[in-house]
Amino acid sequence: MKKQVLFISAAFVCAMAAFTSCDVQDNPSGGNVPVQTLRVLTFEDSDWKAGTNYTGQQYWSTLIDYPQYGGKYLAPEDYNAEAYHWSDDGNTFLAHMIIGALFDDNQYYYGGHAVSNYTELDLSKGDYLSQLAIPVSSGHNGSKNFCVHFGSSTMMGIAPYLYFSDDVARVIDHMYVIPTTYTLNSIINGDAYTQSLVKQKGSLWITATGYDADGNETGTAQFDLCKDGVYVSDWSKFDLTALGKVIMVVFDMDGTDKGDWGLNTPAYFAYDDVAVQF
């Protein structure tokens, strides 16, 4: 298994070192308390601090595949090519590698998180060919870039995850999420393979599960992209503080429209502005 998904006890040492080296301020009740700040993963090139990425280039935009379906990064012809991954080193230290890397098959169809700037406001074009597009004109708060999750354990038995590249446990405070155009079209209109969740008064949700350095579950948080036929269509805040301090967070998708092969509704959502407590 890849190093980044192993849980090692050394992370506890790193986490303690990070905690004790925090800035402090006076506590009215006596003593000092750590000063807590938020660092935000924005996926904007202006915030890139990580040096050269796995493509041999710099900046988040160089990780955006073209075309968005069948591109050389997410669907490489060479199955032995280096797996799509990224890391926000020097900032939040959040990182990701696509699920296919665990199977020595570096295809996005196993699941993963892909950097994107694609938008498609016309829901009639919301199909698999626009898998990295969102149904609004920009990322959260008017930004250019964001990230697209694809994957459900109901289909693959495993779901995409984020982890801290420096093996230090931290609290992920929140992120902003939205259904992709493909997902929203299915929620509202359905297609040959999926039910309209609006008509069926169905539901679709994201579950985030945190893990510590020993692989123990730290907590869960859920966000409903659609509940009883009522859906989200714009960027919305997903509070993740219930997970506590984590080394890794698994993001899974599930819903009421399922078949023999798992979730029928497209297992995509986009996220942006991931805030981490330091």
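Residues take their numbers from the sequence shown, with the count starting at 1. Hydrogens, waters and symmetry mates play no part in the numbers below; they use all other heavy atoms, side chains included.
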Counting distance only, does the side-chain N/O of [X] pair as donor-acceptor with the main-chain N or O of [Y] below 3.5 Å?
| X | Y | result |
| --- | --- | --- |
| D191 | T194 | yes |
| D239 | T241 | yes |
| T62 | Q58 | yes |
| T181 | G126 | no |
| T183 | P266 | yes |
| R39 | T92 | no |

Counting only pairs under 3.5 Å, give me each side-chain donor-acceptor contact of residues 109-121, with atom names and distances, residues two or more places apart or in other chains.
from : atom 1 : to   : atom 2 : distance (Å)
Y109 : OH     : D105 : OD2    : 3.2
Y110 : OH     : D105 : OD2    : 3.1
H113 : ND1    : Y271 : OH     : 3.0
H113 : NE2    : H149 : ND1    : 3.0
S116 : OG     : Y118 : N      : 3.1
S116 : OG     : L132 : O      : 2.6
Y118 : OH     : D65  : O      : 2.6
E120 : OE2    : D122 : N      : 3.0

Given the rule that I, L, V, M, F, W and Y join up when any side-chain heavy atoms are under 4.5 Å apart, are V232 and V198 in one cluster?
->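 Result: yes, single cluster for both.
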
May I ask whether Y59 and V40 are part of the same hydrophobic cluster, defined by side-chain heavy atoms of I, L, V, M, F, W, Y residues being less than 4.5 angstrom apart, directly or through others?
->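 Per the 4.5 Å side-chain linkage, Y59 and V40 are not co-clustered.
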
Kindly give the heavy-atom pair with the smallest separation between [X] and [Y], and that separation in Å.
| X | Y | result |
| --- | --- | --- |
| F164 | L94 | CE2-CD2, 3.6 Å |
| F238 | A221 | CZ-O, 3.7 Å |
| L197 | C226 | CB-SG, 4.0 Å |
| L243 | T218 | O-OG1, 2.6 Å |
| Q277 | L38 | CG-CD2, 3.6 Å |

Of all residues at least two apart in sequence or in a different chain, which pass the ring pair (Phe, Tyr, Trp, His ring centres under 6.0 Å) check with [X]?
| X | result |
| --- | --- |
| Y54 | Y84, H85 |
| F150 | Y108, Y268 |
| F93 | none |

How would you list all residue pairs meeting side chain to side chain donor-acceptor pair (under 3.5 Å) that involve residues 135-146, not counting sequence neighbours?
->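 Of all non-adjacent pairs touching residues 135-146, those that pass side chain to side chain donor-acceptor pair (under 3.5 Å) are S61-N145, H140-D273, S143-D272.
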
Of all pairs that satisfy salt bridge (Lys or Arg N to Asp or Glu O under 4.0 Å), the ones with a partner from residues 250-263, not counting sequence neighbours |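 The answer is D254-K258.
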
